Amino acid sequence: MKAPITEKIGNVLWVHLGGRTFTYEPELRERRGGKKAGVAGDVTAPMPGKINKVSVAVGDQVKAGQLLLVMEAMKMEYTLKSPADGKITAIGFKTGDQVVLGAVLVHVAPNEAK
């Protein structure tokens with residue numbers, strides 16, 4: 001068996017082994033305490049792949065957990081969701097584009113305080 005391929009992106013460890021992908025994300029203190037852990041910012045490609053669907057446009061308001069895009073990698077589909085409430089200020093790719101690991105796909109700017 002081949003040695004696993006590992007990548008760490010942010011706080012998430014991705015392990016590719018035997019044609020399968022596993023992730024490990026340590027529990028954050030904010031999550032344990034019930035506070036909102038999501039922070040607006042860049043949504044990046046978790047691995048190299050192809051963008052299959054973009055569900056938002058620049059200027060759209062999004063909620064935490066809302067679907068932003070779908071990508072395909074290693075014959076599997078991955079749904080990437082908004083990390084927090086905010087506004088889409090940039091989209092780095094379009095449907096059909098190939099992306100590399102860690103590429104910035106979408107930027108979610110935090111909503112301005114009222």
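Because only heavy atoms are used, hydrogens play no part in the values below, and waters and symmetry mates are left out as well, while side chains stay in. Just so it is clear, the model here is predicted, and its values are computed rather than measured.
- Taken to the nearest 0.5 Å, the OG1 atom of Thr95 stands 9.5 Å off from the NZ atom of Lys50.
- For the atom pair Met71 CE and Gln98 CD, the distance stands at 8.5 Å (nearest 0.5 Å).
- From Gln66, atom CD reaches atom CD of Gln61 across 10.0 Å, with rounding to the nearest 0.5 Å.
- The shortest side-chain heavy-atom distance between Lys81 and Val43 does not fall under the 4.5 Å cut-off.
- Under a 3.5 Å cut-off, the side chain of Asn52 and the backbone N or O of Val70 do not form any donor-acceptor pair.
- Val108 pairs in a side chain to side chain contact (heavy atoms under 4.5 Å, CB included) with only one of the listed residues (Ile88, Thr89, Val56), which is Ile88.
- The shortest heavy-atom contact between His107 and Asp42 is ND1-OD1, 2.7 Å.
- Here the CG atom belonging to Leu68 is positioned 9.5 Å from the CG atom belonging to Asp60, to the nearest 0.5 angstrom.
- Val106 is not connected to Leu67 by any chain of hydrophobic side-chain contacts under 4.5 Å among Ile, Leu, Val, Met, Phe, Trp and Tyr, and they are in different clusters.
- Taken to the nearest 0.5 Å, the CG atom of Leu80 stands 4.5 Å off from the CG atom of Leu69.
- The distance from the CE atom of Met74 to the CE atom of Met47 is 6.0 Å, given to the nearest 0.5 Å.
- Counting heavy atoms from C-beta on, the side chains of Leu105 and Val99 come closer than 4.5 Å.
- Pairing each heavy atom of Phe93 with each of Val104, the nearest pair is CE1-O, 3.4 Å.
- Minimum interatomic distance between Pro48 and Ala73 (heavy atoms only, all atoms of both residues): O-CB, 3.2 Å.
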